[in-house]
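This is a predicted model, so every value here is computed, not measured.
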Amino acid sequence: MMHIEEALNVIFGNKIRSLLTVTGLIIGVMAVIAIQVLGSSMSGALNGALGNMTDDSFIIFPSATQANAVKASVTRTDLVQLSALPNVKLAIPLVAQTDLVRNGHLQARYFISGDPVEPFNNAPLQFGRRFTQEEIDAGRHVAVISDRAYKKLFPGGGDPVGQSMYVGSHRYLILGVLSTPKQGLIQTNFGGDVSAPYTTLLRDYVHGQRIGAARVIVKDSSSMSLTEVAVIKTLRDLRGNQRLEYNTFDKAQLTKGINSIFGVMTFVVAFIGAISLLVAGIGIMNILLVSVTERTREIGVRKAIGATRTQILLQFFIEALVLCGIGCGIGLVLGLAIGASVNSFAIVKLTGYAPPIPWIQAAVTTLVFTTAVTIGCGTVPAFRAATLDPIEALRYE
């Protein structure tokens with residue numbers, strides 16, 4: 001405790017010098033903590049925004065840039081072959097259509113998606129239920145509508161389940177309404193504003209064998225990438241052309257892409273912060289060496305009255321620790337403040353999700369930086385002070 005008090009007296013006795021010494025440390029820690037908070041918050045917010053997107057299925061479609069994109073289109077008969085693959089639970093046509101949706105005199109053009117029992121958008125419902133396998137097999141005109149379509153077509157509110165609306169020229173029975181999505185600038189409604197059985201849309205809108213694209217639901221999502229490769233190979237084999245190009249899309253790919261972007265950003269800023277910390281550490285070592293030189297006679301007096309090498313070593317090491325602790329502590333507070341402010345005023349408004357601030361991770365990072373800089377830059381000055389010859393130190397002017 002006595003050493004800490006002495007260290008504080010020395011540091012605050014030279015306020016300007018101490019502040020200039022820890023400025024680099026403050027900037028480095030602040031930058032690392034701020035980007036750590038922002039990276040974690042943005043990644044968490046976007047992953048939260050993607051939470052309604054099912055993770056057990058993927059979409060496959062022919063690449064539009066190839067010369068024979070039409071030949072590569074998925075057909076109805078392909079779905080039977082794809083459904084027989086080991087990890088495939090179900091392969092269905094990806095049927096989507098934009099059409100006029102009407103309820104009385106209220107109308108709007110909406111995106112209509114064809115879904116199985118397991119929709120691509122598994123958001124919770126505020127009213128009703130989803131359609132059953134029996135309704136899919138029968139190709140019935142039933143639908144689940146989004147909250148946006150509900151507010152447009154039923155401005156008076158209330159439960160619309162059991163009421164009818166028209167999609168194009170067909171009358172649909174409303175089975176359910178999706179809950180209100182999180183409000184943000186990035187809208188993540190995966191699926192249509194009107195979701196109907198894919199068999200119904202296939203009958204009403206698709207003519208002929210070619211359906212263009214397919215959605216594949218897997219049994220084990222951990223083997224998703226292997227299943228995607230197997231599906232592409234099967235489609236190529238069915239056409240006898242290994243040069244056909246197909247693209248796949250799933251939640252894991254999107255999440256991985258988002259996380260990799262923030263991973264690179266975090267690495268770059270952490271590298272810059274590490275350079276700043278290195279420079280700050282050199283500055284701390286330099287100022288402590290100057291302090292040892294200035295206090296050489298004081299060290300000689302201490303040794304002359306019985307102070308041991310360990311006590312001198314501990315005294316200067318604690319000074320380095322307190323100096324680094326103050327700098328890293330200020331950097332931690334500023335970094336958290338910047339990260340939390342951007343999180344509140346930008347990320348939440350952008351995505352509609354408020355991910356938690358990684359307080360513990362930030363505190364651990366700060367503790368690691370404090371320890372590393374103290375050990376790396378405080379050991380040499382402390383050792384030099386401890387090894388001074390007391391006679392020579394007393395004679396020093």
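- Remark: E135 engages R129 in a salt bridge (Lys or Arg N to Asp or Glu O under 4.0 Å) (not counting sequence neighbours).
- Between the side chains of T248 and E228, a donor-acceptor pair is found at a separation under 3.5 Å.
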Self-check item: Stepwise side-chain contact (heavy atoms from CB on, under 4.5 Å) check, R236 with N241
Solution: CA-CA 5 Å; R236 287 172 174 169; N241 187 346; over 6 Å; no

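- Panel note: side chain S146, backbone A149; a donor-acceptor pair is recorded below 3.5 Å.
- Atom CE of M30 sits about 12.0 Å away from atom CG of L332, to the nearest 0.5 Å.
- Contact annotation: the side chain of L244 never approaches that of Q242 to less than 4.5 Å [non-hydrogen atoms, C-beta and beyond].
- Annotation: side chain of R130 is in contact with side chain of L178 (closest heavy-atom distance under 4.5 Å).
- Of all heavy-atom pairs between K219 and P86, the closest is NZ-O, 3.3 Å.
- Distance CG/D115 to OG/S195: 3.5 Å, rounded to 0.5 Å.
- Between Y172 and the choices V142, I145, T200, the side chain to side chain contact (heavy atoms under 4.5 Å, CB included) rule is met once, by T200.
- By the criterion of side-chain heavy atoms lying less than 4.5 angstrom apart, applied directly or through intervening Ile, Leu, Val, Met, Phe, Trp or Tyr residues, L85 is not grouped with V229; the two fall into different hydrophobic clusters.
- The minimum heavy-atom distance between S83 and A91, with the atom names listed, is OG-N, 3.3 Å.
- Considering only heavy atoms from C-beta on, P116 comes within 4.5 Å of I217 through its side chain.
- For the pair V206 and L201, the minimum side-chain heavy-atom distance is 4.5 Å or more.
- Nearest approach of I136 to V117, heavy atoms of both residues: CD1-N, 3.3 Å.
- Under the ring pair (Phe, Tyr, Trp, His ring centres under 6.0 Å) criterion, F61 pairs with no residue at all, not counting sequence neighbours.
- For R171, there are no salt bridge (Lys or Arg N to Asp or Glu O under 4.0 Å) partners two or more places apart in sequence or in a different chain.
- One hydrophobic cluster, built from ILVMFWY side chains closer than 4.5 Å, holds both L79 and V88.
- Taking hydrophobic clusters as Ile, Leu, Val, Met, Phe, Trp and Tyr residues chained together by side-chain heavy-atom distances below 4.5 Å, F131 does not share a cluster with M165.
- Rounding to the nearest 0.5 angstrom, the gap separating the OG atom in S164 from the NE2 atom in H170 is 14.5 Å.
- Of the candidates N247, D78, V231, I60 forms a side chain to side chain contact (heavy atoms under 4.5 Å, CB included) with just one, namely V231.
- In this structure, CG in L238 is found 7.5 Å from OG1 in T77, a value given to the nearest 0.5 Å.
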Which pairs would a plain distance check flag for residues 92-110, meaning a side-chain donor or acceptor within less than 3.5 Å of a matching protein atom at least two apart in sequence or in another chain?
from	atom 1	to	atom 2	distance (Å)
D99	OD2	Y205	OH	2.7
N103	ND2	L153	O	2.8
R109	NH2	T98	O	3.4

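- Under the 4.5 Å side-chain criterion, counting only non-hydrogen atoms from C-beta, R203 is not in contact with T199.
- Residues L235 and Y246 have side chains in contact (heavy-atom distance under 4.5 Å, counting atoms from C-beta outward).
- Two different hydrophobic clusters hold I27 and M285 under the rule that ILVMFWY side chains link at heavy-atom gaps under 4.5 Å.
- The shortest distance between side-chain heavy atoms of F58 and V216 falls below 4.5 Å.
- For G331 against V29, the heavy-atom pair with the smallest separation is C-CG1, 3.8 Å.
- Between the OG atom in S57 and the CE atom in M224 there is a gap of 6.5 Å [rounded to 0.5 Å].
- The CG atom of L175 lies 12.5 Å from the CD atom of Q163; values are rounded to the nearest 0.5 Å.
- With hydrogens and angles left out, the side-chain atoms of T227 and N87 include a donor and acceptor closer than 3.5 Å.
- Residues that satisfy the side-chain contact (heavy atoms from CB on, under 4.5 Å) test with V364, not counting sequence neighbours, are I360, V368.
- V177 has its side chain out of reach of L125: every pair of non-hydrogen atoms, C-beta onward, lies at least 4.5 Å apart.
- What you find for V194 and V167 is that their closest heavy atoms are CG1-CG2, 4.4 Å.
- Sorted by first and then second residue, the pairs that involve residues 147-166 and meet ring-ring contact (aromatic ring centres under 6.0 Å, His included), not counting sequence neighbours, are F127-Y150.
- With hydrophobic clusters built from ILVMFWY side chains whose heavy atoms lie under 4.5 angstrom apart, I330 shares a cluster with L323.
- Across every non-hydrogen atom of D147 and S179, the tightest pair is CB-O, 3.9 Å.
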